[in-house]
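These values consider heavy atoms only, across backbone and side chains, with no hydrogens, waters or symmetry-generated copies. Heads up: numbering here begins at 1 and tracks the sequence.
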Amino acid sequence: MSGFDLKNLFETAQKVQEEMNRVKESLSQNTVQGESGGGLVRCVANGKGEVVSIEIDPAIIVAGEKKMLEDLVTGAVNVALDNARAFAQTELQKATGGMSLPPGFP
């Protein structure tokens, strides 16, 4: 491998790292939603996997139905976090041009 090829490889790696850093910074600004109970409970999470908000339709707030409400909230949060992980993965794949990165590599 010539010195020029090695220089090109390092430049490409640096560009990919810069793009990944830009994407990771923008993940907190993009949101995804998850819902359960046919939309009665909604959870919004950002691309970093942080819950931003939870919305509960007042129609399901009934005395004695605490467990059902907890289950619906848990379901909506899990869907939103799954969507956030998928969104982040897609954005990072775009940043790396589809290259597979080793596990644990940011």
Side-chain angles (χ1 to χ4, degrees):
M1 178 180 267
S2 72
F4 177 74
D5 291 337
L6 188 56
K7 180 182 176 190
N8 192 18
L9 177 64
F10 283 125
E11 287 174 356
T12 300
Q14 183 178 4
K15 287 178 185 175
V16 168
Q17 183 65 40
E18 289 170 0
E19 181 64 11
M20 287 179 55
N21 288 338
R22 184 197 63 75
V23 168
K24 287 170 73 175
E25 287 177 21
S26 74
L27 289 177
S28 64
Q29 299 169 11
N30 292 287
T31 60
V32 294
Q33 181 174 293
E35 59 181 52
S36 63
L40 294 172
V41 176
R42 291 189 178 97
C43 176
V44 176
N46 65 25
K48 292 176 74 175
E50 300 166 335
V51 173
V52 176
S53 67
I54 295 176
E55 181 182 321
I56 300 171
D57 187 312
I60 63 169
I61 300 175
V62 178
E65 296 296 328
K66 180 179 179 277
K67 178 65 175 147
M68 178 195 68
L69 182 56
E70 291 170 344
D71 290 345
L72 290 172
V73 169
T74 300
V77 168
N78 286 333
V79 170
L81 294 179
D82 284 345
N83 291 343
R85 281 188 287 274
F87 174 76
Q89 181 67 30
T90 299
E91 292 300 302
L92 288 172
Q93 284 288 339
K94 288 179 192 176
T96 61
M99 285 189 304
S100 293
L101 299 175
F105 191 86

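Here the CE atom belonging to M68 is positioned 9.5 Å from the CD1 atom belonging to I61, to the nearest 0.5 angstrom. I54 contributes atom CD1, which lies 11.5 Å from atom CG of L72 (distance to the nearest 0.5 angstrom). Here CZ of F87 is found 6.0 Å from CG of L27. Values are rounded to the nearest 0.5 Å.
Other members of a hydrophobic cluster containing V79 are absent, since no ILVMFWY side chain comes under 4.5 Å of it, directly or through relayed contacts. Its side chain within the 4.5 Å cluster rule, V52 clusters with V44 among the Ile, Leu, Val, Met, Phe, Trp and Tyr residues.
Not counting sequence neighbours, the partners of E70 by the side-chain hydrogen bond (donor to acceptor under 3.5 Å, both in side chains) test are K66. Taking E19 as the reference, R22 meet the side-chain hydrogen bond (donor to acceptor under 3.5 Å, both in side chains) condition, with sequence neighbours excluded. A search for side-chain contact (heavy atoms from CB on, under 4.5 Å) contacts involving E35 returns Q33, R42, not counting sequence neighbours. With sequence neighbours left out, D71 forms a side-chain contact (heavy atoms from CB on, under 4.5 Å) with K67. Here Q14 pairs with E18 under the side-chain hydrogen bond (donor to acceptor under 3.5 Å, both in side chains) rule; sequence neighbours left out. Listed by chain and residue number, D57, I60 satisfy the side-chain contact (heavy atoms from CB on, under 4.5 Å) test with L40 (two or more places apart in sequence, or in another chain). Shown here are the salt bridge (charged side-chain N to carboxylate O under 4.0 Å, His left out) partners of K94, two or more places apart in sequence or in another chain: E91. Contacts of S28 classified as side-chain contact (heavy atoms from CB on, under 4.5 Å), with partners at least two apart in sequence or in another chain: N46, K48.
The two residues C43 and V51 make their nearest non-hydrogen contact at SG-CG1, 3.8 Å. Considering every non-hydrogen atom in both G47 and A88, the closest pair reads O-CB, 3.5 Å.
Sorted by first then second residue, the salt bridge (charged side-chain N to carboxylate O under 4.0 Å, His left out) pairs that include residues 77-90, not counting sequence neighbours, are D82-R85.
The same ILVMFWY cluster, assembled from side-chain heavy atoms under 4.5 Å apart, contains both L81 and I56.
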